[in-house]
There are 2 protein chains.
Amino acid sequence: MQGVQTAKETGAGSGLTERQGAVLEQALRLLVDGGERALTTAGVARAANCSKESLYKWFGDRDGLLSAMIAYQASKVRTLDVSAEALDEASLRAHLVAFAKDLLEVLAGDVSLALNRLAIGQASREGSKLGRLLEERGRRQIGRRAGALLEVGRKAGLLAFGDPEEAYGALYGLVVSDWHLRMLLGEDPSGLKKNFGRRAERAVDAFLALYGRKE
Amino acid sequence: MQGVQTAKETGAGSGLTERQGAVLEQALRLLVDGGERALTTAGVARAANCSKESLYKWFGDRDGLLSAMIAYQASKVRTLDVSAEALDEASLRAHLVAFAKDLLEVLAGDVSLALNRLAIGQASREGSKLGRLLEERGRRQIGRRAGALLEVGRKAGLLAFGDPEEAYGALYGLVVSDWHLRMLLGEDPSGLKKNFGRRAERAVDAFLALYGRKE
DNA sequence: CTCCATCAGTACCGTACGGTACGGTTCGCC
DNA sequence: GGCGAACCGTACCGTACGGTACTGATGGAG
């Protein structure tokens, strides 16, 4: 980090050059296509038309490459904030349903599944920080969005809950149930993807039945 | 299966001898302690005081060993059936809370986490049947227990739901939320384990608020 | 033009693992 | 007692991968 960074960086202040971003993109593609077994340093170098030496110079070692992949993928996700505009019951429900659909679509995405599988596979190793990293960049982010939404709903007198964390946990559980695990285990998600909309609405209705303020 | 099996088998008619069961036990221990990286054929042979040749004779190859481990572990879990005795609101709630606590304890168990991590790590491989196997032996089993319990509750007029699968999904989601994933990612479950009881009760109360029959 | 930094491509090394083969031993059966 | 099956321990082989070193090409700075 000494001196002026002359190479062009990616949009986010991630310290990555365009080239390095392209390499991570190829690495993610390899991971999605063939799982962790396919993610070899030689394979990444070949797919990205770069040398292994450059990989080690840029990312340190294989773990550094994996961490960079997670950070890079997370940097592409942007969480839109909910405007604290006038919120009525219908619009709160609409926001919640939109959140639920987004959540399901993110969790069912190829890259998300591959990265979660990768981090879970490494979780047994003691020093592996991949799980923590994924949790920080993934769950915390989407959790904050949901938390903000719930807070706005409570401020508007539409929701009633004591512990926001508990309310968020209930919402998450009602929306996702065990689908995430089943997809991680390899179950074909095509049957699920059709029903995202209906599933999200049902879950939100149940959530509102639990935490919606009875008028 | 030709002729009479002379060697003593394990209790379940799994076709495994005691010796093979002991070997699988050691293999599970290795997996729990060190993750998949520690689960090498040589390591299992050393830990179980058997030869690699015997491993390959008994289980075919490494995948066969992994499948046998999952089947063996599943065979140790016995699902107790709910007697269809007279069920009132309090006893239904008690049964549901017991189920929820069991579910949390199973999912948080060392062996369960290790096997789920293993199957998830292999899920990217095309031909891997481990995920399906784990789903069949694990989820389906506990799902049937829950389904039976819910059905009894409905028959007794204490629960009202249309689709049993949906009701079970809601119960599962309320109980587990994202805790399973977080534990799979390596989060320390010690903080969670203290609150199993309270968590189970809260989840069951929410479930009953949704699906309990208002009298 | 010259110098220097960067990087692609490749060759190389050590290691670790899956799977196989073999010698020696135990144990049940005839 | 002798035979044969099962099996332990170990040595062995091929392969694949992580990581390093080297060579040559490119391109920008002075």
Side-chain angles (χ1 to χ4, degrees), chain A residues 1-9 15-27 30-31 33-69 118 121-122 124-128 130, chain B residues 1-10 15-27 30-31 33-69 118 121-122 124-125 127-128 130:
Chain A
M1 284 293 178
Q2 73 228 18
V4 179
Q5 178 73 285
T6 61
K8 315 147 210 164
E9 295 185 358
L16 293 179
T17 66
E18 287 182 2
R19 181 93 180 90
Q20 291 162 8
V23 169
L24 293 179
E25 203 78 51
Q26 290 301 316
L30 277 182
L31 179 66
D33 287 351
E36 187 182 356
R37 317 276 310 200
L39 195 70
T40 67
T41 55
V44 172
R46 198 177 330 113
N49 286 329
C50 75
S51 69
K52 287 173 65 175
E53 196 173 16
S54 299
L55 289 182
Y56 284 97
K57 166 176 273 187
W58 292 334
F59 305 110
D61 59 1
R62 190 171 184 270
D63 272 359
L65 175 64
L66 302 184
S67 301
M69 288 168 62
L118 177 66
Q122 300 267 331
S124 48
R125 286 308 271 178
E126 188 76 21
S128 178
L130 289 187
Chain B
M1 283 293 179
Q2 74 229 16
V4 179
Q5 177 73 285
T6 61
K8 316 150 210 163
E9 294 185 357
T10 54
L16 292 179
T17 66
E18 287 183 1
R19 181 90 180 91
Q20 292 162 8
V23 169
L24 294 178
E25 203 78 52
Q26 290 301 315
L30 277 182
L31 179 65
D33 286 352
E36 186 182 356
R37 316 277 309 199
L39 194 69
T40 66
T41 54
V44 172
R46 199 178 327 115
N49 287 328
C50 75
S51 70
K52 287 172 67 175
E53 197 174 16
S54 300
L55 288 182
Y56 284 96
K57 166 177 273 188
W58 293 334
F59 306 110
D61 59 0
R62 190 171 184 269
D63 271 0
L65 175 65
L66 303 184
S67 300
M69 289 168 63
L118 177 66
Q122 300 268 330
S124 47
R125 284 309 266 181
S128 179
L130 290 188

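Predicted model only: the values in this text are computed from it and were never measured. Each chain gets a letter, A, B and so on, in the order its sequence line appears, and its residues count up from 1.
The distance from atom CD of B:Gln20 to atom P of D:dA6 is 12 Å, rounded to the nearest whole Å. Atom CZ of A:Arg19 is separated from atom C1' of D:dG27 by 15 Å (rounded to the nearest Å).
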Please tabulate, one pair per line, all N/O donor-acceptor pairs under 3.5 Å involving side-chain atoms of residues 52-66 of chain A, not counting sequence neighbours.
{"unit_1": "A:Ser54", "atom_1": "OG", "unit_2": "A:Ser51", "atom_2": "OG", "d": "3.0"}
{"unit_1": "A:Asp61", "atom_1": "OD1", "unit_2": "A:Asp63", "atom_2": "N", "d": "3.4"}
{"unit_1": "A:Asp61", "atom_1": "OD1", "unit_2": "A:Gly64", "atom_2": "N", "d": "3.0"}
{"unit_1": "A:Arg62", "atom_1": "NH2", "unit_2": "A:Leu39", "atom_2": "O", "d": "3.1"}

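Between C:dA8 and A:Ser54, a contact under 4.0 Å exists linking OP1 or OP2 to a side-chain N or O. Regarding contacts with the backbone of D:dA6, every side-chain N or O of B:Trp58 stays at 4.0 angstrom or more from both OP1 and OP2.
B:Thr41 OG1 to B:Arg46 CZ: the interatomic distance, rounded to the nearest 0.5 Å, is 9.5 Å. Here A:Leu24 contributes atom CG and A:Arg19 contributes atom CZ; the two are 11.0 Å apart, rounded to the nearest 0.5 Å.
In this structure the side chain of A:Gln26 never reaches within 4.5 angstrom of the side chain of A:Cys50, judged on heavy atoms.
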Worksheet, complete the sentence: Per-nucleotide protein contact along nucleotides 14-20 of chain C, 5' to 3', at a 4.0 Å heavy-atom cut-off (B base, S sugar-phosphate only, - neither), is ---SBBB
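Under the side chain to side chain contact (heavy atoms under 4.5 Å, CB included) criterion, A:Thr40 pairs with A:Ala42, sequence neighbours left out.
The side-chain contact (heavy atoms from CB on, under 4.5 Å) test with A:Met69 singles out one residue from A:Leu31, A:Val44, A:Leu130, and that residue is A:Leu31.
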